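Below: one structure, written as structure tokens.
Please read these numbers as outputs of a predicted model, since none were measured by experiment.
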Amino acid sequence: MTGVFLAGLRFQAVILRRSPAELMALLSTPLFTLAFAAIVVHAGALDLTPYAIVGPTVIAVWTMALNVSGDIVDSERHNGTFEPSLATPASLIVLVLGRITTVTLVSLLSLLESALIVRLAFGIAVHIAHPSLFAITIFLTAAAMAGTATAFSAIFVLARSARTFQNSLSYPIYLLSGAMIPPALLPGWLRPATRVVFLSWSTGLMRDALRAAPAPDVPGRLAVIAVLGVLGYVAGLWLLSSVLRRMRAAGTVGYA
Amino acid sequence: MIRDNARVLRSGAIIAVADLREIYTWKTWIFAWLSRILCEVTFFAFIGKLLHSQAELRYLLIGNSVFIVTMVAMFACVSAAWERQSGTLPLLIASPSSLLTVFAGRSINWLVDGSACAAISLLLLGPLFKLTMPWPRSLFVIPLIVCTGLSTYCLGLALAGIVLRRLELRNLVANLAYLSLMVISGAEVPVTFLPRPVQYAANILPLTHGLAAIRYLLAGAAAGRVLDQGGMELAIGLGWLAVAFLVFRHLAERGRRDGSIEFGSL
């Protein structure tokens, strides 16, 4: 099983290296960072610089989960390689998880990009005041995102109409995720929705980790990301298994 | 000749409308696409709230509403590539009509789509965020949005002529182009805040002057200032149309010479 997972990791790394278009989110990150950082610097709100770093990171991680991870199964079908993959004794779900893990890890490079751009363009060095909190938050966020991406990869195969909504799942989620705007600033009727988006907990913790002041209620907030992440995994794996079962039963495995 | 070009343009536009109908139903346009656009503009408007500044909120809401037409018009770069994927490019090159005329009509749906989204965003979200919108003067933002869209569309066509040789880069080029315009055109911060070389670039690219015209209009400036900026936006669009003409001519000539215009798709 580990071998299959590692094969998935390596395979996706090769695909990303050879397809610059797949890395579009990472190439867009400097531009989002410049836009957000320019806004806060122009307004003289340098204390909001962490927002200009966390925001583009969330955008890149989410975009790659949605567009690259979400397309993994469907692109295999399109390429005609899905049937032979299913016919092998190796677990397809583990292989897909390996590939999604690579995408998620690569998408996290956007964090370094953002910090670097803010430093180079505006001369602002970002100091991580609570490194361990930052590291744990990033780890949990990456794990939860991989689970959510698994669900995407199944949904986009299951419902072709979901494709229509693929492009539309960007800014609504950026709003709810607290990527740039803390949920407290949103209208009261919208705030409950932010509580079930794990990214809203992640962005709050990431920003707190960049500030010198002690972060409040850390264990509870980390636990919420973990719980929402596990729920994402369970939903993703269940959906993917259901989709595979359904395609086998309906004889649509090779349909592209 | 003008009549022939108009006929080709119209035929291209028919394909564009068919594309739009294929991509969206009115329900998915409103509930998926337009909702996403409204969320995008709202996202930036809330950054103004984060900065505790109604002036910033106004600046960002107007800038990002108008930016929508630029973003969507730039999709021309992507849909031009679909034509090559359909295998029609060799036939178009063999035909006596200008390649640019075909492509100028073929992606016009994005101009309509983008103009509608931008105008709705500004005219709907402006009052919701308590922006002062002088009536009926505010309605003149619609022709200025269309003018900004036209100008960006011409840049999109020039880029389309380039990506037709590297289809795999179509989304990447379109995205990086419109995001660059978002950063430097004055949508997020005034152009004067940017380094001087960037300001020079902004002044010869679409969106900058069209957006300035809309800001002047909504601030109650004299009509002359609005028209000056609107005229500059159109002139820049014409300049990019000339570039697009040269790019498409080069594409056709090089394709004929080296046989690189094939029926295949990527």
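Of the listed residues (A:S28, A:A45, A:G55), the greatest number of heavy-atom pairs within a distance under 4.5 Å of chain B belongs to A:S28. The most heavy-atom pairs under 4.5 Å with chain A, out of B:A55, B:P190, B:S53, B:P195, come from B:P190. When each of A:L34, A:L23, A:L27 is scored by its heavy-atom pairs under 4.5 Å with chain B, the top score falls to A:L27.
Between the OH atom of A:Y171 and the CZ atom of B:F44 there is a distance of 4.5 Å, given to the nearest 0.5 Å. To the nearest 0.5 Å, atoms CG (B:L60) and CD1 (A:I39) are separated by 4.5 Å. Remark: A:I59 CD1 to B:F43 CZ distance equals 5.0 Å, nearest 0.5 Å. Put simply, CG on A:L186 and NZ on B:K49 are 9.5 Å apart, with the number rounded to the nearest 0.5 Å.
Shown here is B:R225, whose CZ atom has no more than 12 heavy atoms of other residues, nucleotides or ligands within 6.0 Å. Summarising the local packing, CZ of A:R119 is surrounded by 12 or fewer heavy atoms from other residues, nucleotides or ligands at distances under 6.0 Å.
Both the backbone and the side chain of B:N171 have a heavy atom closer than 4.5 Å to some heavy atom of chain A. In this structure, the portion of A:I181 lying under 4.5 Å from any heavy atom of chain B is its side chain and not its backbone.
By the 4.5 Å heavy-atom criterion applied to side chains, A:F36 and B:I47 are counted as neighbours. With contacts defined as side-chain heavy-atom distances shorter than 4.5 Å, the pair A:V41/B:F193 qualifies.
Of all heavy-atom pairs spanning A:P20 and B:L169, the tightest one is CG-CD2, 4.3 Å. For the pair B:C39 and A:L175, the tightest heavy-atom approach, listed with the atom from each and the gap, is O-CD1, 3.9 Å. The minimum heavy-atom distance linking B:V189 with A:A38 is given by the pair CG1-O, 3.4 Å. When all heavy atoms are compared, the tightest approach of B:A32 to A:S168 is O-OG, 3.1 Å.
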*List the steps, then state whether side-chain contact (heavy atoms from CB on, under 4.5 Å) holds for B:E40 with A:Y174.*
CA-CA 9 Å; B:E40 177 169 346; A:Y174 304 160; over 6 Å; no
*Evaluation steps, side-chain contact (heavy atoms from CB on, under 4.5 Å), between B:E56 and A:H42*: CA-CA 10 Å; B:E56 289 285 351; A:H42 175 256; 3.6 Å; yes
